[in-house]
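Inspection log for the structure reproduced underneath, given as structure tokens.
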Amino acid sequence: MSDKLSTKERLRIPRQKMPEREPAERRVNFCEVNLGLGGAVAQTEASRCLLCKAQQCFYGCPVGVKVREFVELIAGGDFLAAAAKMREDNVLPAITGRVCPQEDQCEGVCVLGKKGEPLAIGNLERFIADYEREVGGVGLPKNAPPTGKKVAIVGSGPAGLSAAGDLVQRGHAVTVLEALHEIGGVLVYGIPEFRLPKEIVRQEVDNLRRMGVEFKTDVVVGKTVTIDELFNEEGYHAVFVATGAGLPNFLNVPGEHLCGVYSANEFLTRVNLMKAYRFPEFDQPIYDCRDTNVGVMGGGNTAMDAVRTSLRLGARNAYLIYRRSEKEMPARAEEVKHAREEGVQFMMLTNPVEFLGDDQGRLAAARCVKMQLGDPDASGRRSPVPISGSEFVLPLHVAIIAVGNRGNPLVQASTPDLKTTSKGYIVADPEMLKTSKKGVFAGGDIVTGGATVILAMGAGRKAAKAIDAYLRTGEW
Ligand SMILES: Cc1cc2nc3c(=O)[nH]c(=O)nc-3n(C[C@H](O)[C@H](O)[C@H](O)COP(=O)(O)OP(=O)(O)OC[C@H]3O[C@@H](n4cnc5c(N)ncnc54)[C@H](O)[C@@H]3O)c2cc1C
């Protein structure tokens, strides 16, 4: 139908809205907020695509998804073919369709966005991935004949998973070693259920298992086994290190040791992986947030996830405390909108300078100072400057620090010939992802610092290609 539409007719179709749960309903549970498009709506949305030759959307996608082609298939109603087209370049579409910052990538460069609203590429991606899963039509790619080569992947986040999928298809025996008891990295321990249901990640992991990838949990590389042992004792021919950036930064202010002060990583991991999100069915392995004041410090996706989680755990007041203004916040616009609708209180241009405790050593309040914006700093954003005499005390029962992370350090610490940056990230060449140690490749957040799911997946794909070439030629 859609190929018969004129450009004018396409331009007249409004962007189709993603249905979502009402704020009052969703802020009291962990059910997914966005509900997904139906088939007819997805077809209408796909019909907005101008099918332009330049295909900026393709270049705007870090893994080069052929957007125009899969969108055209949706418009024609061939949803399974659209999903198969997507899977040629993206092994985790149900995940990226939910969490990618499309507004800065494919949708950010969509021609429709110049005068109106861009094509809802992320929503369409999610639609076909969900459709494919629900009708049971996930067509797994065929693997090449076995090469006899063994590859170990350290870390099961998006970088490790996408490398695993590509390598197993090339005929190599792939084992993913994960320190935690669940596979998925940030996708399961960081991003909450209401944005990315764990079942979706589990099913994508199951697809990889069905393709032949072996997963081993509770293996802390650097402690349980070293990289050298993987080569010398376990017979691996190559290793891909994809350990992510899970080491939290702190504010380094007095009182940060008090009970009730968490890093966002600890808070989210406890909720996501220790089932606090199913409280009261499961015991809550964190401070009881019900009827409390919770303050989350930071302005990124992690801060937004933590503050919205605290609301769902029953916080009376959930404050988002950020030292710059809303304009500088790195969080996705959709997360900010959802947080505000759910009742998160935004305290912009505010910075905690001390945490104050009670006589039991528990957090009681944060002493904060108001800020104003000065000249741009190294990040290009205007730097926050304290306003003298503006200090005030904010009563808080729980404080969650979400001011960025650094690289997980154990592999580097136990592998002396692995070159690292001054900040502790692994040095890898940008094209081949080779490290300073023969046979060891690295990619994702452990090389770039905290980035995005799709960039980590792109690194995984690059690494798979380079590892395959190394295993076939032996050339380093
Ligand atoms: C709370 C939160 C929300 C986010 N929201 C978004 C979003 O909406 N959209 C988006 O695009 N990006 C988001 N990000 C960023 C994104 O999730 C990361 O950039 C991405 O997950 C990085 O992938 P990775 O594979 O490099 O590492 P990770 O996902 O961090 O996975 C690394 C894995 O390695 C394991 N590991 C570490 N050390 C060892 C070891 N020594 N031995 C064995 N295993 C080890 C870890 O346990 C972990 O499972 C978010 C990040 C956080 C923290």
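Nothing fancy with the numbering, it's 1 onward along the sequence. Indexing begins at 1, ligand by ligand and atom by atom, following the structure's order.
- In this structure, of R98, Q105, E178, the residue bringing a heavy atom nearest to atom 47 (O) of ligand 1 is E178.
- Remark: E117 engages no residue in a side chain to side chain donor-acceptor pair (under 3.5 Å) (not counting sequence neighbours).
- With hydrogens left out, the protein atom closest to atom 14 (N) of ligand 1 is A451 O, 4.3 Å, a heavy atom.
- Ligand 1 places these atoms under 4.0 Å from at least one heavy atom of V154: 42 (N), 43 (C).
- Remark: ligand 1 and G184 share no N or O pair separated by less than 3.5 Å (distance only, no angle test).
- When heavy-atom distances to ligand 1 are checked against a 4.0 Å cut-off, T243 comes that close through both its backbone and its side chain.
- Under a 4.0 Å N-O distance rule, the pair D468/K465 does not qualify as a salt bridge.
- Taking the ring pair (Phe, Tyr, Trp, His ring centres under 6.0 Å) definition, one finds that F240 meets it with nothing, sequence neighbours left out.
- The option with the heavy atom closest to atom 40 (C) of ligand 1, from among N405, V221, I183, N301, is V221.
- Residue A242 approaches ligand 1 through these ligand atoms, each under 4.0 Å from one of its heavy atoms: 32 (C), 33 (C), 34 (O).
- Between E32 and R98 there is a salt bridge, since a side-chain N of the basic residue sits under 4.0 Å from a carboxylate O of the acidic one.
- Ligand 1 places these atoms under 4.0 Å from at least one heavy atom of G444: 26 (O).
- The nearest heavy-atom contact from the protein to atom 17 (O) of ligand 1 is V186 CG1, 3.1 Å.
- Residues K85 and E69 are paired through a salt bridge, judged by an N-O separation under 4.0 Å between the basic side chain and the carboxylate.
- Close approach to L177 involves these atoms of ligand 1, each under 4.0 Å from a residue heavy atom: 43 (C), 44 (N).
- Interface atoms of ligand 1 facing G185, defined by a heavy-atom separation under 4.0 Å, are 29 (O), 31 (O), 48 (C), 49 (O).
- Those atoms of ligand 1 with a heavy atom of L180 less than 4.0 angstrom away are 47 (O).
- A cation-pi arrangement is present between K150 and Y236 under the rule of less than 6.0 angstrom and at most 45 degrees off the ring axis.
- Heavy atoms of E335 found under 4.0 angstrom from ligand 1: none, in either backbone or side chain.
- Applying the 4.0 Å criterion to heavy atoms of T302 picks out, from ligand 1, the atoms 1 (C), 2 (C), 52 (C), 53 (C).
- A salt bridge between E334 and R195 is absent, with no side-chain N of the basic residue lying under 4.0 Å from a carboxylate O of the acidic one.
- Residue-level proximity to ligand 1 for P101 is carried by the side chain, the only part with a heavy atom below 4.0 angstrom.
- Per-residue contacts place V220 under 4.0 angstrom from the following atoms of ligand 1 (heavy atoms of the residue considered): 42 (N).
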